[in-house]
Amino acid sequence: AVQEATRFLIEELRAPVVIGPAGSSDALFAFEIAKKDENTAVLISPSATSPSLTDIDGITKTDESPGLFWRTIGSDVYQTEVMSQLILDTQASIAIDVETQSRLTIVYQDSAYGRSFQEELKQHLSELDADAVLDVSYVPFDQIEDLSTSSLIGSTGIVFISSDISDVTTFLDDVALSDALIYLADGAADEQLLTFFESLDSGQDFSGRLYGTRPGISSTEFDSFASA
């Protein structure tokens, strides 16, 4: 649908600028259309955060050649840095309590967003020497229905990465009775998540074990950008 919409806007309507797409995988598909010599349209995404998009149209930008892909949100390089420290701090506490090495399972959507996020998270955890505290495993999935929760048994922490909020709520419903700490990324920042929590049974409790990260907008750089 995104590809067809992009073709229509750029190739049929000849739009010089397109706002969107929202997701990183969709942005990759759209850029392949926008960059064609006969098109050369500019894409501006408000929420595609994958680091793989950073250099999609080259590393060096100039006034004469500013590039065709823009976004008004930061890369997940920064979000994963914050999340890795959060994971290490909370899992270290568990390791002390149970006198054993914590087991972290990183479940990620096999997409541009999910793959890039887990790669950056893996890098940051390595830089923090997390192996001394954590036994980390990685579980990719294409469709949430194909994700086996048996691979999560014994985890003291589970990171879930998906750009689809329905994936997030399905996953949480599946692990609601687990004792593991749950870490969610910005893909879970959606009103549907609040609706999901309101519908939970009394036995499904996430109190004190659900964490999340999301890029903020309060910074000197953002203020400069907003006032320009």
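In what follows, every heavy atom counts, from backbone to side chain, and hydrogens, waters and symmetry copies are set aside.
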With rounding to the nearest 0.5 Å, note down the distance linking CG in Asp173 to OG1 in Thr149.
11.0 Å

Residue pairs, two or more places apart or on separate chains, that pass salt bridge (Lys or Arg N to Asp or Glu O under 4.0 Å) and touch residues 44-65
Asp57-Lys61

Sequence neighbours excluded, the answer for salt bridge (charged side-chain N to carboxylate O under 4.0 Å, His left out) partners of Asp110 is Arg115

List the residues meeting salt bridge (charged side-chain N to carboxylate O under 4.0 Å, His left out) with Glu4, not counting sequence neighbours, and say none if there are none.
Arg7

Per the salt bridge (Lys or Arg N to Asp or Glu O under 4.0 Å) rule, what does the pair list look like for residues 17-35, sequence neighbours excluded?
Glu32-Lys35

Taking salt bridge (Lys or Arg N to Asp or Glu O under 4.0 Å) as the cut-off, I'd like each qualifying pair that reaches into residues 146-164, sequence neighbours left out, listed once.
none

Residues at least two apart in sequence or cross-chain that pass ring pair (Phe, Tyr, Trp, His ring centres under 6.0 Å) with Tyr211, listed by chain then number, are Tyr183

Partner set under side chain to side chain contact (heavy atoms under 4.5 Å, CB included) for Ile153, not counting sequence neighbours
Ser150

Can you list everything that forms a side chain to side chain contact (heavy atoms under 4.5 Å, CB included) with Leu128? Sequence neighbours excluded, please.
Ser84, Gln85, Leu88

Judged by modelled atom types alone, do Ser155 and Thr105 share a side-chain donor-acceptor pair under 3.5 Å?
yes

Residue set satisfying side chain to side chain contact (heavy atoms under 4.5 Å, CB included) with Thr54, at least two apart, ordered chain then number -> Arg71, Ser75

Kindly write out the residues that satisfy ring pair (Phe, Tyr, Trp, His ring centres under 6.0 Å) with Phe8, not counting sequence neighbours, or none if the list is empty.
none

Please name all residues satisfying ring pair (Phe, Tyr, Trp, His ring centres under 6.0 Å) with Phe171, sequence neighbours left out, ordered by chain then number.
Phe160

Listed partners of Arg103 passing salt bridge (charged side-chain N to carboxylate O under 4.0 Å, His left out), at least two apart
none

